[in-house]
Amino acid sequence: MGSAPAESDFLRKTGMAEPPMSCDCFVSLPPGSRDDHVIFGKNSDRPRDEVQEVAYYPAVSHPPGSMLECTYIQIPQGEQTHAVVLSKPAWMWGAEMGANDQGVCIGNEAVWTREAVSPGEALLGMDLVRLGLERGDSAWGALTVITSLLEQHGQGGPCREDPEPFSYHNTFLLVDRNEAWVLETAGRLWVAQKVTEGVKNISNQLTIGAEVSAEHPEMRSVAQAQGWWDGEGEFNFSQVFSPENPPARMELAKQRYRGGTELLQQHDGSVTAEVMISILRDKPSGICMDSGGFCTTGSMVSVLPRDSSLPCIHFFTATPDPSRSIFKPFVFSDSSTSVLGVVSPQFGPDDPVRKQPRFQSQVDRRHELYKAHQVALSTMETNPDEGLAIYEILRDLESQCLSDISAMLNGEIPGEELGDLFFDSVDTEIKFYQ
């Protein structure tokens, strides 16, 4: 096992107890999509017992000089924040993925680079996802929000609810009704690539090569000063900044990346919400993850019509394992509100995340749907026939819902009051499990 010393050396430098396994993000823009829609998807792969909640926060005007408490640090609050819906680990302020009322979606991925991961507390990549959504009115607008906050505050801090250190840098997929941006970071440095058509996915590795659309002004000079680039040849970001001795099991991320690319390419020209959901449920590729201490703890798919008179539709599971979960639609409206069945309990100043030293104890963060889903999963294992019957009924309801939404977006049926869809879907699912 020639790679073992390199792997343990890499894990020591990055403060990780075990090799990383993490998320996958996808986008399809016309002509990759069947309809004139941009389709976004993400699986959030996190520590197995971590609860992911789906929370709605309304648009707010903030008094000048307000401060904002993120997961670990305080930063100045923006004057105006957009309404957002977030799929987020229940213990942190930030989010794994989400959307705002301007038609912007963002997901992030863990990544390791030649730049050292800062041991101190700063903004988490998940905080940056939420900040980009709260403050950005387009994919590019959100990207400039994230890169400027990265410059001011840096990224870092524990990325899981555990006293064992586990930190990383981040890549982001930012999407709106017109275009997508891939943003890849190394410390405070960054590069970005614009995507205007077709299909694209990101996993836990650097993917931007020489086709750079925007970059940190000091990116190349830092690479040259460190001896990573000679300043003469072509500047290829992923080659220059990828770690020299990545752990052997980071190959798994490459396999998932290739598997995701293949699945997208198979459907290139015909991608719909249903296709994106099927990709997120794919077990053979590892995209629907269940491996060691990690699994897919939450999933999201969004449909962003190019026609701005049509609403964007955002589907969330709010439960682990999309192959055994139901995607439920959320639409921003004047009556949008948080659905308590998928919001975790709050612990205020007594929360072990807020006490110093952090993470010295655990609390039960399970929301109502999570608990009901756990019972249903255990029924599927102990009484497969009964479990499968419940699940098939729910999958039929999901299919019907997807068909109705597709027909509404294509003008075949009128758009009824969509604001209560998410509440109704969560409520129906909980009742079925009972």
Side-chain angles (χ1 to χ4, degrees), residues 22-27 38-46 50-60 68 70-71 78 81-110 123-139 141-143 145-146 149 159 170-177 180-181 183 202 273 276-277 280 296-304 311-319 322 325 327-333 336-339 342-344 367 369 421-422 425-426:
S22 213
C23 319
D24 298 277
C25 286
F26 303 87
V27 67
V38 176
I39 314 280
F40 168 85
K42 178 179 174 184
N43 268 357
S44 167
D45 304 332
R46 302 275 310 166
E50 185 179 84
V51 176
Q52 205 149 131
E53 61 180 347
V54 174
Y56 166 82
Y57 299 92
V60 181
L68 170 65
C70 299
T71 302
T81 50
H82 300 303
V84 295
V85 61
L86 308 170
S87 190
K88 58 188 285 294
W91 62 271
M92 69 173 66
W93 180 83
E96 279 281 299
M97 51 205 172
N100 69 18
D101 59 0
Q102 307 296 298
V104 180
C105 298
I106 309 179
N108 76 313
E109 311 270 332
L123 290 173
L124 290 176
M126 288 67 78
D127 292 344
L128 291 165
V129 168
R130 180 168 175 178
L131 289 160
L133 290 169
E134 287 190 343
R135 302 179 183 192
D137 56 7
S138 65
L143 186 148
V145 165
I146 290 172
L149 289 168
C159 296
N170 292 268
T171 67
F172 303 86
L173 183 60
L174 307 98
V175 177
D176 62 27
R177 291 179 188 260
W181 284 85
L183 170 63
I202 62 171
M276 193 64 82
I277 287 171
L280 298 187
T296 299
T297 55
S299 304
M300 171 183 175
V301 167
S302 291
V303 180
L304 315 175
C312 297
I313 319 279
H314 311 285
F315 296 88
F316 296 94
T317 57
T319 52
S325 288
F327 285 80
K328 297 162 283 289
F330 177 95
V331 181
F332 285 97
S333 76
S336 291
T337 177
S338 261
V339 172
V342 289
V343 174
S344 293
H367 49 71
L369 177 62
L421 258 180
F422 190 62
S425 304
V426 170

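Residues Leu68 and Trp93 are in side-chain contact: their nearest non-hydrogen atoms beyond the backbone lie under 4.5 Å apart. Within the 4.5 Å cutoff, no side-chain heavy atoms of Asp176 are placed close to those of Val38. The closest side-chain heavy-atom distance from His367 to Val343 is not below 4.5 Å. Between Ser336 and Phe422, the closest side-chain pair of non-hydrogen atoms is not below 4.5 Å. Taking 4.5 Å as the limit, some side-chain heavy atom of Phe315 sits within range of a side-chain heavy atom of Val303. Taking the side chain as every heavy atom from C-beta outward, Met97 and His314 never approach each other to under 4.5 Å. Ile146 places a side-chain heavy atom less than 4.5 Å from the side chain of Leu174. Taking 4.5 Å as the limit, some side-chain heavy atom of Ser425 sits within range of a side-chain heavy atom of Pro329.
Minimum heavy-atom separation, Gln52 to Ser44: NE2-OG, 3.2 Å. Between Gly98 and Leu133, the closest heavy-atom pair is C-CD1, 3.4 Å. The nearest pair of heavy atoms linking Cys312 to Val331 is O-CG1, 3.9 Å. Across all non-hydrogen atoms, the minimal contact from Val129 to Gly107 is CG2-C, 4.4 Å. Here the closest heavy-atom approach between residue Leu131 and residue Cys70 is recorded as CD1-SG, 4.4 Å. Scanning all heavy atoms of the two residues, the minimum distance from Val54 to Ser87 falls at CG2-OG, 4.2 Å.
Between Asp101 atom CG and Glu134 atom CD the span is 11.0 Å, to the nearest 0.5 Å. The CZ atom of Phe330 sits 10.5 Å away from atom CD1 of Ile313, with the distance rounded to the nearest 0.5 Å. The distance from atom CG of Asn108 to atom SG of Cys23, rounded to the nearest 0.5 Å, is 6.5 Å. Note: Asp24 CG to Ser299 OG = 10.5 Å, rounded to the nearest 0.5 Å. Between the OG1 atom in Thr297 and the CG atom in Asp45 there is a gap of 7.0 Å [rounded to 0.5 Å]. If you take CE on Met300 and CZ on Phe40, they are separated by 5.0 Å, rounding to the nearest 0.5 Å.
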Decide yes or no on side-chain hydrogen bond (donor to acceptor under 3.5 Å, both in side chains) for Asp127 and Thr71, but give the supporting numbers first.
CA-CA 7 Å; Asp127 292 344; Thr71 302; 2.7 Å; yes
Phe316 and Val85: side-chain contact (heavy atoms from CB on, under 4.5 Å), yes or no, with the steps?
CA-CA 10 Å; Phe316 296 94; Val85 61; 3.8 Å; yes
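Using a 30° and 60° split on the angle between ring planes, Tyr56 and Phe332 fall in the tilted class, from 30° to 60°.
Just one of Met126, Glu96, Arg130 meets the side chain to side chain contact (heavy atoms under 4.5 Å, CB included) condition when paired with Lys88; it is Arg130.
Of the possible polar contacts, one joining the Asn100 side chain to the Gly136 backbone as a donor-acceptor pair under 3.5 Å is found. Although no hydrogens or angles enter the test, the distance criterion places a donor-acceptor pair under 3.5 Å between the side chain of Glu53 and the main chain of Ser344. A distance-only check finds a donor-acceptor pair linking the side chain of Glu109 to the backbone of Cys25 [under 3.5 Å].
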